[in-house]
Amino acid sequence: ALEYDYMDTTFRNMYAGLVSFMEASKERRELLLGRRKPVFDKTILAKISQSTDDLERVAIKAMAAEDYFLLVGPPGTGKTSRALRRMVECFYSQIETQILLLAYTNRAVDEICGSLESISPRIDYIRIGSELSCDERYRGRLAENVLSPYVKRKDVRERMTKCRVYVGTVASISSKVELFQLKSFDVAIVDEATQILEPQLLWVLTKKSTDGKQAVGKFVLIGDHKQLPAVVLQSKEDSEVHDEELRNIGLTNLKDSLFERLYRQHLSEEDSPVLDMLCRQGRMHPEVALFPNQTFYGGKLEPVGLSHQLEPIECPVLFMPSSRDKESMSGKTNRYEARMVADCAEIIWREAPESFDAYRTLGIITPYRSQIALIKKELQAKGIPQLMDVSVDTVERYQGSEREVILYSFCVNYRRQLKFLSNLVEENGALIDRKLNVALTRARKKLIVVGVVDVLNENPIYMQFISRYYSSDLDEIS
């Protein structure tokens with residue numbers, strides 16, 4: 001018990017998830033282990049096949065699923081702003097349905113709140129969390145603020161029971177045991193589900209309500225296994241030991257998300273009713289989307305046809321060669337790339353300085369903190385105030401973000417760095433670089449990549465990209 005008190009919050013929640021899993025009903029355990037097939041209302045299959053709208057088809061499937069539904073949302077397909085919102089609208093239209101909305105990060109929860117606020121007529125929802133981690137636009141929806149007018153416990157209980165939609169991070173919801181003593185939920189929708197490890201989600205999905213039944217009925221997992229997964233800080237040796245221990249209780253691998261495991265389970269099934277994919281993307285210009293679409297998504301992504309996707313853009317994707325920085329012993333800085341990126345940023349600013357918006361126009365991605373610092377130093381040397389506010393960050397922190405133009409510095413000086421730069425997963429015999437996929441899909445109109453050619457060409461995916469978009473002419477940027 002003493003050791004348990006000193007566990008950090010994340011580990012404690014995962015530990016509680018495993019305990020909850022072992023205490024869950026046999027039916028729920030069998031479902032999560034893949035020993036029982038999910039139930040789906042097949043009487044509406046004809047209605048699904050007749051649907052010509054992606055969002056309607058997805059919403060129908062989510063409502064017809066009796067156990068769970070998996071939605072793959074590639075970059076720019078509107079999985080939160082459009083698909084999640086439409087599912088909430090449909091579930092909320094059923095008068096008694098109780099809805100729980102979850103995500104891993106508070107930023108993702110902010111996006112969910114933004115989607116909920118756009119629903120008309122407005123719906124009543126309560127957010128679980130603190131003001132420090134909540135965007136000020138949604139602080140009025142926090143439980144402490146919603147409940148502040150009520151003094152009597154009876155009134156608080158009545159207000160919480162009356163509200164049919166609750167939203168929060170997995171961690172914040174898991175810490176509110178009293179919420180599940182008040183009510184149970186017919187459906188839980190989990191956004192960015194591939195960033196959540198199984199034990200982090202198990203507590204919510206296996207928790208029992210006061211009447212002994214499952215506190216959460218069916219669940220919808222929204223994610224993209226081809227984008228960056230959850231970060232696991234565990235050695236291979238420790239992982240193998242823990243995997244053996246977990247097999248003794250029926251679990252096989254908790255280093256991945258539940259979404260990934262269930263997705264693989266249904267991948268071989270033809271037209272599985274519990275699995276679907278959004279294919280219309282509204283973020284990227286078709287030429288920007290071309291390489292990741294063909295390489296990682298089998299050419300299935302189609303542009304929505306928004307105005308920026310119809311613009312004639314000259315050279316929307318460029319790869320520009322840099323030199324190896326031999327003075328960088330660690331390989332985690334490249335002064336040549338830093339200068340190139342700063343030069344490109346200046347050219348982009350000079351194209352339209354009056355409309356340049358540091359938070360919308362330009363973003364810079366690079367893998368190392370030391371390279372981030374070097375790029376910021378080069379930007380500062382330009383003496384252009386607007387460039388000082390441009391976001392320079394890692395791929396991991398850019399997941400979920402977008403800019404009109406993205407500059408990506410590979411910052412690879414030695415071959416040994418290549419194995420740390422990629423995040424590979426295999427599907428149907430094809431390798432998918434999840435880190436590269438995220439980096440290439442943040443730009444709306446233009447993507448400029450810089451790197452050392454002879455090193456990057458050791459990686460077949462990088463070599464394919466370089467051979468298609470190679471250019472050494474700075475004039476092509478503008």
Side-chain angles (χ1 to χ4, degrees), residues 13-45 48 59-71 87 90-91 94 96-102 164 166 170 173-174 176-191 193-194 196-223 243 245-254 256-269 271-276:
N13 288 342
M14 291 195 288
Y15 182 84
L18 292 174
V19 173
S20 180
F21 172 81
M22 296 176 71
E23 296 175 348
S25 66
K26 181 181 178 181
E27 183 182 27
R28 180 53 59 101
R29 288 201 311 270
E30 295 289 292
L31 175 71
L32 293 174
L33 291 172
R35 296 174 180 171
R36 174 175 76 80
K37 288 189 175 182
V39 178
F40 189 87
D41 182 3
K42 294 185 178 180
T43 62
I44 65 168
L45 287 178
I48 293 171
I60 293 169
K61 281 191 172 185
M63 296 186 72
E66 297 183 18
D67 287 309
Y68 63 75
F69 173 62
L70 310 175
L71 178 61
M87 283 188 273
C90 290
F91 283 121
Q94 299 176 324
E96 300 299 324
T97 300
Q98 307 291 318
I99 307 166
L100 179 64
L101 303 172
L102 302 166
R164 294 166 48 207
Y166 281 79
V170 173
I173 295 293
S174 297
K176 297 296 181 184
V177 180
E178 60 273 20
L179 177 62
F180 295 94
Q181 294 172 347
L182 279 175
K183 62 195 299 150
S184 57
F185 295 91
D186 299 288
V187 58
I189 303 177
V190 185
D191 199 11
T194 47
I196 307 172
L197 297 175
E198 278 203 53
Q200 293 172 324
L201 199 53
L202 282 176
W203 188 89
V204 174
L205 299 184
T206 57
K207 179 68 179 173
K208 290 182 179 178
S209 56
T210 52
D211 60 4
K213 297 180 180 179
Q214 292 297 151
V216 170
K218 64 181 176 182
F219 55 92
V220 177
L221 303 183
I222 306 173
D243 283 351
E245 294 172 350
L246 290 166
R247 277 193 288 272
N248 293 332
I249 62 171
L251 296 173
T252 56
N253 183 359
L254 299 183
D256 295 329
S257 64
L258 176 63
F259 180 100
E260 290 176 88
R261 182 164 63 81
L262 296 179
Y263 173 83
R264 289 193 294 267
Q265 181 178 313
H266 295 284
L267 185 60
S268 59
E269 300 176 14
D271 296 325
S272 172
V274 299
L275 177 64
D276 208 326

Listed partners of F91 passing ring pair (Phe, Tyr, Trp, His ring centres under 6.0 Å), at least two apart: none

pair L202-L32: side-chain heavy atoms closer than 4.5 Å: yes

Rounded distance [0.5 Å steps], NZ in K213 versus NZ in K208: 12.5 Å

Minimum side-chain heavy-atom gap R261-D256 below 4.5 Å: no

pair L258-Y68: side-chain heavy atoms closer than 4.5 Å: no

Distance, nearest 0.5 Å, that separates CD of Q200 from CG of L18: 10.5 Å

From CD (E260) to CG (L221), nearest 0.5 Å: 11.5 Å

Residue pair Y166, K183: steps toward the side-chain contact (heavy atoms from CB on, under 4.5 Å) verdict: CA-CA 11 Å; Y166 281 79; K183 62 195 299 150; 3.8 Å; yes

Close side-chain approach of D191 to L101, heavy-atom, < 4.5 Å: no

Test item: R29 side-chain N/O and E23 main-chain N/O as donor-acceptor pair under 3.5 Å: no

Nearest heavy-atom neighbours spanning A62 and V220: CB-CG2, 4.2 Å

Non-neighbouring partners of K176 that pass side chain to side chain contact (heavy atoms under 4.5 Å, CB included), sequence neighbours left out: I128, E178, L179

Side chain to side chain, L201 and F259, heavy atoms closer than 4.5 Å: no

For the student: nearest non-hydrogen atoms of H266 and S272, plus distance: ND1-OG, 3.7 Å

Student check: side-chain heavy atoms of R164 and T97 closer than 4.5 Å: yes

Pairs touching residues 59-70 that satisfy salt bridge (Lys or Arg N to Asp or Glu O under 4.0 Å), sequence neighbours left out: R36-D67, K61-D276

Contact summary for A64 and I44, nearest pair of heavy atoms: CB-CD1, 2.9 Å

Closest non-hydrogen atom pair, V274 against F69: O-CD1, 3.3 Å

Min side-chain heavy-atom separation L100-F219 under 4.5 Å: no

Point-to-point distance, once rounded to the nearest 0.5 Å, from CG of L267 to CG of L262: 12.5 Å

Heavy-atom pair of closest approach, residues L70 and Y263: CD1-N, 3.7 Å

Enclosure of D211 CG (heavy-atom neighbours >12, cutoff 6.0 Å): yes

Non-hydrogen atoms of S257 and A193 that approach each other most closely: CB-O, 3.5 Å

Separation of T206 OG1 from Q214 CD (nearest 0.5 Å): 7.0 Å

Pairwise side-chain contact, V187 with M87, heavy-atom cut-off 4.5 Å (strictly under): no

